[in-house]
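Heads up: the structure comes next, in structure tokens.
Just so it is clear, the values below take in all heavy atoms, side chains as well, and ignore hydrogens, waters and symmetry mates. Naming: A, B, ... by sequence-line order, numbering from 1 per chain.
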Amino acid sequence: MIALEFPEINSILRWKDLFPTFNKIALIAVLAAVISITIFMLALRQDHRQAPKGIRNLAEVIVEFIEDGVVMQTMGKEGLPWTPFLMTMFLFIYLCNVPGIIPFFQMPATARMAVPLFLALMVWVIYNVVGIKHQGVLGYFKSTLFPPGVPKALYILVTPIEFISAIIVRPFSLAVRLFANMMAGHILLVTFALLSEALFQAKDKILIPVGILPFFMLIFLTSFEVLVAFLQAYIFAMLTAVYIGGAAHPEH
Amino acid sequence: MEAIARLTSELIDPNSTDVLAAGKNAAAAASAGYAYGLAAIGPGIGIGYLVGKSVEAMARQPEAAGMVRTTMFLGIAFTEALALIGFVVFILLKFA
Amino acid sequence: MPTVIVTQSSGHVVQVRLVAGVTTETTSAKAAVKAAPNPIAPETKEIAWAAGSFIVLLVVMRYFLFPKLKKGMDDRYASVRSDSEGADRVRADANADVAEYEKALAAVRAEAAGRVDAARQTVDNERNAQLAQVNGRIAAARADADQKNAAAREAAQGDVASAVATVASRVAEIALGKAPDASVVSAAVASAMEGSRS
């Protein structure tokens, strides 16, 4: 039989420094920023009066996707100034997710807690600031902690729940959702890759054809991760929009 | 966890801490599986129900399909978070 | 000689204890090796790099790239919209022309129909008038003939009655020997003629 030992978890999640403090995660994050900027720079070099094609088309599709699919669906027209922020967030997360399935990278940057944690904390700060700015300190806390339309006696129950939900659970679940999704995908890919490798190299010749099964599973999971990478970036941007919209206009 | 470790290390002969740590690791590894399995039940049911209802809604009103899909993804994201927290607990128990 | 053993877990000092002997040193060293950093714990350097690149990207997008791209898109949409509005206007003009032409056509048609109707009316009137005139003439001729007829019959009846009265009075004179009263004879003749006629 084969002896399959799962590697130490840190060996598949933590990476050596390429140069001091700069490891693979940092490389992916920097590349994500550079690639986004490059796409938009190239798009801007085209004549804007012509019908867009090629890379400009890509950039405009991204902008319109964020406008129609994220901002208009959650915040409405007054949320349109948030489009560049949400688009940056979407692009950055997507380009951090997608290296999980690109050969030689094989590591989503968001599978380390650092990236989602930073983004979620930033979103938390932003929606609280927006809420305070739009409704004032008292108004914001009143509309968050004492939602209207609730019988007075229930506030004993509702207020602590709302406080925990808005102040603690939201950023935590935002970060954990992205992080855990990407890490789970990464570990699944590692598992099936190791399993098919071990089966293909088994001493027992009978086991070699069996290695096809985990290999197909690996291919299926890779294509599934393509979807997950997009979906998680979309959901992160969407929830950000929902939180900001809810803080700016609590009546919706 | 750390408090328990400190307490036990003060109460028990220091030579036996290795055995104790091994026992703790085994218990953590065993409970890690239960943690994730139990955490997956509720969200599994929830997401199934949610997507089923969304498909029903889309079939009834295909012109509202876009809105239903958006809301469905949001709902899935909220429901899924519970299962993912279970997964994080699994990782914490198993490897931390 | 007492030694201090410090066990670290993910960079934080977890426990510090004083141990009498040196026997535990090897095991705790092993434990320190085993206590690898938590796979979930975020690393400061990764946060720093991610935050740095995100903020650079955000600033560049927000203040340079996005407004330019959006402006280009809006310009193009505006030109497309104005083009399509121009096309719409031309189409509306053409539609108005067509409507005007149709209105004129309808007016002309209505006028023609009115004239035809008027002509028909005139012809009808003339015909009716002539008809009425002819009918009137026929009616007058018939009335004339009827009158003449009636007069002739009256005359004939009067002749017959006088002849009968003469005959009757003569017969009565012969039979009775004296001439009867003329008024009685004429009344009897009249009643007899009435009875025979009815």
Side chain A:Trp124, main chain A:Arg170, donor-acceptor under 3.5 Å: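 Absent.
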Quick check: do [X] and [Y] have side-chain heavy atoms less than 4.5 Å from each other?
X: C:Lys45; Y: A:Ile25; answer: no
X: A:Phe6; Y: A:Ile187; answer: yes
X: A:Ile93; Y: A:Gln232; answer: no
X: A:Phe118; Y: A:Met113; answer: no
X: A:Tyr243; Y: A:Val130; answer: no

Nearest atoms (heavy-atom pairs only) where A:Ala233 meets A:Asn97: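 The pair with the smallest heavy-atom distance is N-ND2, 4.0 Å.
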Check this for me: does any side-chain nitrogen of one of [X] and [Y] sit under 4.0 Å from a carboxylate oxygen of the other?
X: A:Glu60; Y: A:Arg56; answer: yes
X: C:Arg170; Y: C:Glu173; answer: yes
X: A:Arg14; Y: A:Glu8; answer: no

Between A:Val34, A:Ile37, A:Ile12, A:Leu27, the one whose heavy-atom pairs under 4.5 Å with chain C are most numerous: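 Max contact count across the listed options: A:Ile37.
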Against chain C, label [X] side chain, backbone, both or neither, depending on which of its atoms sit under 4.5 Å from a heavy atom there.
X: A:Gln50; value: backbone
X: A:Leu119; value: side chain
X: A:Leu91; value: side chain
X: A:Val63; value: side chain

Interface residues of residues 48-69 of chain C facing chain A - non-hydrogen atoms under 4.5 Å apart: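 Under the 4.5 Å heavy-atom cut-off, C:Trp49, C:Ala50, C:Ala51, C:Ser53, C:Phe54, C:Ile55, C:Leu57, C:Leu58, C:Val60, C:Met61, C:Arg62, C:Leu65, C:Phe66, C:Lys68, C:Leu69 qualify.
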Parallel, tilted or perpendicular: rings of A:Tyr94 and A:Phe230 (30°, 60°):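 Plane angle over 60°, so perpendicular.
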Residues in residues 98-112 of chain A near chain C [non-hydrogen atoms, under 4.5 Å]: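 Result: A:Arg112.
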Residues 15-23 of chain A: residues contacting chain C (heavy atom under 4.5 Å, by number):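 At a heavy-atom separation under 4.5 Å, chain C is reached by A:Asp17, A:Thr21, A:Phe22, A:Asn23.
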Chain A contact via C:Lys71 - side chain, backbone, both or neither, heavy atoms under 4.5 Å: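 C:Lys71 has no heavy atom closer than 4.5 Å to chain A.
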Any pair counted as ring-ring contact (aromatic ring centres under 6.0 Å, His included), so long as it reaches residues 78-105 of chain C, sequence neighbours left out: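 For residues 78-105 of chain C, and leaving out neighbouring residues, there are no ring-ring contact (aromatic ring centres under 6.0 Å, His included) pairs at all.
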